[in-house]
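Report on the following structure.
Just so we're on the same page: letters track the sequence lines, and every chain starts at 1. None of these values were measured; they are calculated from a predicted model.
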Number of protein chains: 2
Amino acid sequence: MIEVIFLGTGGIKPTPERNVPSIAIRIGSEIVLFDVGEGTLRQMEIAGLNPMRIKRIFITHFHGDHYLGLAAIIQTMNLWDRRETLHIYGPENSGEFISNFLKSGYFAPGFDVVVHEITGKARLQFENYEIWTFEVSHGIPALGYVFKEKDRRGNFDLEKIKSLGLTPGPWMKELEKRKIIKIGERVIRLSEVTGPKKRGAKVVYTGDTEPIDDIVEFSKRADLLIHEATYISSEHRKDSYHTTIEEAYEMFKSSKARHLALFHRAPRYSYQEYAVAAKELCPEAYVPRDFDRVFVGGMGNVIFKVR
Amino acid sequence: MIEVIFLGTGGIKPTPERNVPSIAIRIGSEIVLFDVGEGTLRQMEIAGLNPMRIKRIFITHFHGDHYLGLAAIIQTMNLWDRRETLHIYGPENSGEFISNFLKSGYFAPGFDVVVHEITGKARLQFENYEIWTFEVSHGIPALGYVFKEKDRRGNFDLEKIKSLGLTPGPWMKELEKRKIIKIGERVIRLSEVTGPKKRGAKVVYTGDTEPIDDIVEFSKRADLLIHEATYISSEHRKDSYHTTIEEAYEMFKSSKARHLALFHRAPRYSYQEYAVAAKELCPEAYVPRDFDRVFVGGMGNVIFKVR
């Protein structure tokens, strides 16, 4: 079970009602940030999220509304005597951009900030989750991200245990640790006595982009696809590298993801206006507001908790 | 009459209740910004202030809470096709810092951003106001600012007009324009037929600093002294370059300014806790909240309008 917290759901510039993009995923005690628009630190304060729990920040691209909140978060970590390395991931040039950003005032963090530049498709392995990346189409280097909670083993299955002539006991703890043990002459594998794997939650975040095939590809069997849908109509979008509600819906349907959240709506729309259009154009879509929380349990177990 | 709008009244880092420092002064149709902490753009949106009306921004110093909102404001001006030059004033190194800041992402403004570095005392003359600067003591280059609305001529005085043997008429418009005219053989000066000058409003903003003599000097006869008072007690302040409530009160009393606003309170204090302490330590002081507005008319005519 992971928790997705929408810290900023608008795009381009903030409005009184919504801030610019940032999405937090809480997994265990760790917070993973995707994009960090200006004011994200304060949004975290309001949401009751502690910036010190962030180990990694993933930035989709370097337009101001997606990264300008980075410096204040790093400075606040420093104020609180952070020593742990902070890892930041982003497309090419991220290193130079962040380095310039951190030279915009009097500031020297007392911990390492390591920037990882990613081009194309990558699979990053961490303790409890993986991040998969793909390039999107936004006119500048830009990435989409898949957050994949690691699958976990199934529960012990009493029937299977009995069928091997065993009875439950302390050997089960041992087996869990070593995955394979010997009882008498018999070799027992963990998979022999447990039920099916529990699939980890899968959440996809496109960042800003036109609709592209890779979104469909990477969103297969996702529990939640957070797709940018900056504009209600292509008339408003003109030739900008963004997506309309209808196009996001097409991507969602093709991907067979379980849920769709429409993200990064333009400042010109009120929530009401946008939500009404979304209801009409893609009835299943969810239009998050700032501070909404979504619990994603894998296997389609998704709970929307609107603030 | 000018209007002071408190856009962010906290210091160091934002809290759910208050944002980091920014103060707007509205004079005619122009907005003058003093400091521009992260999130100031959104605070302006909420306050109903149009960033396009900003001609000049004055930054006290380059700690993150005082300038990190600058890039988003410039980018939004650009989005709205600004062509007019934006002038930014700050202490030494401002040019390099702002230049780095604007190289932190994909961004090229379509208008000129001119940075003016100021050391020591300066008097800057603009159409409707002057800005006076003085150095404060904050461990890094830092400035305090005086905003001085220009004095305006007094009203026409009917008694004076009569005593010169004249009657009111279209010549008054002419005189107002030229300051000196001839009626028949007689030379008339504007000052001969008008009452005393109307003193322009004077507002002082210290930025972050220890108490220093120049604050008293520059705040003489000010209508409003906005003094940092980050800490309630010197025990909390320790040896940081900040001011306590009591010290700010001392500066205020010595300066004989008319009103004192205590600014930049630390995140550790709730509004309630801080306001109670302020009431006790300096009963006349005013503790602004974000979005409070103060109308300053000069001659002590100050109206506090709490949101």
When A:Thr40, A:Ile98, A:Ile140, A:Thr76 are compared by non-hydrogen pairs under 4.5 Å with chain B, the top option: A:Ile140
Top of A:Gln43, A:Arg42, A:Lys13 for chain B proximity - count of heavy-atom pairs under 4.5 angstrom: A:Arg42
Which portion of A:Leu70 sits near chain B, non-hydrogen atoms under 4.5 angstrom: neither
More than 12 heavy atoms of other groups within 6.0 Å of B:Phe107 CZ: yes
Residue pair B:Phe97, A:Tyr106: steps toward the side chain to side chain contact (heavy atoms under 4.5 Å, CB included) verdict: CA-CA 9 Å; B:Phe97 286 148; A:Tyr106 293 96; 3.4 Å; yes
Neighbour count >12 (heavy atoms, 6.0 Å) for atom CZ, A:Arg268: yes
Carboxylate-amine/guanidinium contact B:Lys103 A:Glu96, below 4.0 Å: no
Closest approach of A:Ser104 to B:Phe101 (non-hydrogen atoms, all atoms of both residues): CB-CB, 3.7 Å
Atom group of B:Asn93 that falls short of 4.5 Å from chain A, counting heavy atoms: side chain
Chain A interface, residue from B:Asn100, B:Val20, B:Ile46, B:Thr15 that has the most non-hydrogen pairs under 4.5 Å: B:Asn100
Selection from B:Gly37, B:Gly64, B:Ser99 maximising heavy-atom pairs under 4.5 Å formed with chain A: B:Gly64
Atom OH of B:Tyr271 with >12 non-hydrogen neighbours under 6.0 angstrom: yes
Any B:Glu38 side-chain heavy atom under 4.5 Å of A:Leu68 side chain: no
